[in-house]
Amino acid sequence: MDTKTETKLASSSNFIKTIMSEDLKSGKTKTIVTRFPPEPNGYLHIGHARAITINFELADEFGGRTHLRFDDTNPTKEDVEFVEAIKEDIQWLGFDWEGLFFASDYFEEMYERALLLIRKGKAYVDEQSPEQIRETRGTLTEPGQESPYRNRPIEESLDLFQRMRSGEFKDGEKVLRAKIDMASPNINLRDPVIYRILHATHHHTGDKWCIYPMYAFAHPLEDAIEGVTHSLCSLEFEDQRPFYDWVIRECEMPNVPRQYEFGKLYITGAISGKRHIRKLIEDGVLDGWDDPRVMTISGMRRRGFTPEAIRAFIRETGVSKSNGVVDSRMLDHFIREDLKLKAPRTMGVLRPLKVVITNYPEGQVEMLDAEINAENPEMGVRQIPFSREIYIEQDDFMENPPPKYHRLYPGNEVRLKHAYFIKCENVVKDADGRVVEIHCTYDPETKSGSGFTGRKVKGTIHWVEATRAVPAEFRLYEPLVLDGEVEDEEADNGAAGSRSINPNSLEVLQGWVEPEMSEAKAHDKFQFFRHGYFNVDPKHTTADKLVFNRIVPLKSSFELPKAKG
RNA sequence: UGAGGAAUAGCCAAGCGGUAAGGCAACGGACUUUGACUCCGUCAUCCCUAGGUUCGAAUCCUAGUUCCUCAGCCA
């Protein structure tokens, strides 16, 4: 982390930071301990990246620590496959956890705490069906009704719960419920189920258990067992906090963690929801969970986003108690800022137009010096070939240009970046009248670096020498969702296709790049002059085919008119 | 109509009784061998509304308004 970043971090403030420093000051806690508790049931996305960054950076700022804990209390939905992927993603983001835990390692202790609850008369085994339990829970405005098993003898619940563990009953036959208040205005306190029977093989504990604790019961215990001080989660868990505190208190946990909730932050045009992505993969829109258009960590990595940029973005957008939607251009900004000094500059022509420089000697090739990054001179200089034939961008030539167009057009002179001034003398068209080639002349006196000051040109365009150019594929991405619409994430129950998917979210182009790009490797990042930042795609790039993902385009205050010359 | 939350610029977001930080976006201008970058400037007399307390209110009080979350043996 550089000094500038640290200054920013220290100067920005949020309510959790305030709470933490007060807790430290009052002596309520000596060390800040946070945790990132993913369920290993899918891939991490930008929302997780935010939770990770918030937890790790907050603890780090106060000299505390952060645990990585897999919240694996539901064997029917989880898999080891995801634990390794999740660990990789966290490390790629740049964080190291102090302590790797599994909620399933606490099953024995959780079971003991449940027994304690029963003995205290604070929990009972209910034999109602799931339907009955739902029907008697009441509604938002009406109280629930007590289960007929609610006041059964403690000994009976104790016996039944132990037999639930030993496998005597089938899934769904019985549950353990906390005994609180069926008339509570907070539905979470109407005798919530805390243990259910699940005859399933757990990826971590195998067949040792056939009863599993529910999240609401397990989570506070996990936090308490690990000595977590500040348990951060999102806003929708606010209603759960009274039960969280109830569990800690009634289970007589010596450590008392506190839960704090913060708002989610959506990004315009982004998609990260599991169901939604799965549907788009099935529909053939996306090529996998790491498709560069999708906001999974692996997708962002393949796209070429950097951990530094993602972290800076998260830091700058902040943490608050309200949900929000941030413009995706803010993320773009931090990508550009991070890559500005890191990415080598190079030239690539995405939509080629052949240019013949008629007064340049045939067969001659000269090598020109080109800075690798003018904003970071330490990166040095490369050599690029120049000859009679080059490719330029189709957009950089117009036969009938609009006003203020200062690129190439008949009779106009422009500068070729790192090379010479060229002047358009003639236009070659095919039978349909389309421009297929243009003829120019160059002025040897105007060579870059020669100190020529005789005259000025308004435009500088990029190019690639035609005979030594390396073919390359460019993949240009646009937001998956149109008009700044925001993904409804988990709410999209199968109706994932209801939002309008941008039909032009991917554009594939075949063009040319500089010769030395043939050595580029997966994940190398470049700025193609006047285009934007690109990442060498790790999935489609092969020994003889280069594929570049556009990470983010350069900003532009110039709009090309629709009608082309 | 129950409970719990949130409302500060187009978008994030500080602010915690002393007179509205910062970032993104936008818009001017300078510079420019990237129509980029950089630099300079503009961008809330006002903080959901209405009252009240106070010398002084985005901050305190009262009454409203709008939005979000909750009725899985998911997390």
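The chains referred to below are lettered A, B, ... by the order of the sequence lines, with proteins before strands, and numbering in each begins at 1.
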When you check the side-chain N and O atoms of [X] and [Y], is any donor under 3.5 Å from an acceptor?
X	Y	value
A/S231	A/R35	yes
A/H531	A/E393	yes
A/D89	A/Y43	no

For [N], give the paired nucleotide (Watson-Crick: N1-N3 plus N6-O4 or O6-N4; G-U: N1-O2 and O6-N3; both under 3.5 Å), or none.
N	answer
B/A13	none
B/A20	none
B/U33	none
B/C47	none
B/U65	B/A7
B/C70	B/G2
B/U42	B/A26

[X] vs [N]: side-chain N/O to OP1/OP2 distance below 4.0 Å:
X	N	result
A/R137	B/C73	yes
A/S13	B/G15	yes
A/T73	B/A75	yes
A/R415	B/U32	no
A/R196	B/C74	yes
A/S557	B/A36	yes
A/K555	B/C37	yes
A/H333	B/C24	yes
A/R530	B/G35	yes

Give [X] one of three labels, base, sugar-phosphate or nothing, depending on what nucleic acid heavy atoms sit under 4.0 Å from its own.
X	value
A/Q240	base
A/Y212	nothing
A/H418	base
A/I133	base
A/T139	base
A/N41	nothing
A/Q527	base
A/V457	nothing
A/H406	base
A/K458	nothing
A/G144	nothing

As a test of reading the structure: which of [options] is closest to the side chain of [X], going by heavy atoms?
X	options	value
A/S320	B/A14, B/G4, B/C73	B/A14
A/K321	B/U34, B/A6, B/G23	B/A6
A/V326	B/A71, B/C12, B/C73	B/C12
A/N74	B/C74, B/G35, B/A36	B/C74

Query raised in the report: Less than 6.0 Å separating the ring centroids of A/Y244 and A/F237?
Result: no

Query raised in the report: Centroid-to-centroid, A/H202 to A/F107, below 6.0 Å?
Result: yes

Please measure how far the [atom1] atom in [N] lies from the corresponding atom in [M], and state the result in whole Å.
N	M	atom1	answer
B/C55	B/A13	C1'	32 Å
B/C67	B/C74	P	32 Å
B/C16	B/G4	P	27 Å
B/G2	B/C46	P	35 Å
B/U54	B/U42	P	39 Å
B/G5	B/C39	C1'	44 Å
B/C68	B/C73	P	25 Å
B/U19	B/G23	C1'	24 Å

Atom-to-atom span, [atom1] of [X] to [atom2] of [N] - whole angstrom:
X	N	atom1	atom2	answer
A/E236	B/A6	CD	P	15 Å
A/I187	B/A3	CD1	P	12 Å
A/N188	B/G72	CG	C1'	11 Å
A/D239	B/G5	CG	C1'	8 Å
A/M110	B/A75	CE	P	11 Å
A/I372	B/U33	CD1	C1'	17 Å
A/K264	B/C68	NZ	C1'	12 Å
A/L189	B/G4	CG	P	12 Å

When you measure from the side chain of [X] to the backbone N and O of [Y], does any donor-acceptor pair fall under 3.5 Å?
X	Y	result
A/N412	A/R407	yes
A/R336	A/P553	yes
A/K17	A/L58	no

Report task. Check the pair A/N535 / A/K525 against side-chain hydrogen bond (donor to acceptor under 3.5 Å, both in side chains), numbers first and verdict last. Result -> CA-CA 5 Å; A/N535 187 44; A/K525 292 165 183 61; 3.2 Å; yes

Query raised in the report: More than 12 foreign heavy atoms under 6.0 Å from NZ of A/K321: is that the case here?
Result: yes

**Report entry** Distance-only donor-acceptor test, A/R134 side-chain atoms vs B/G72 base atoms, 3.5 Å
**Finding:** no

Query raised in the report: With distance as the sole criterion, do the side chain of A/S448 and the base of B/U33 form a donor-acceptor contact below 3.5 Å?
Result: yes

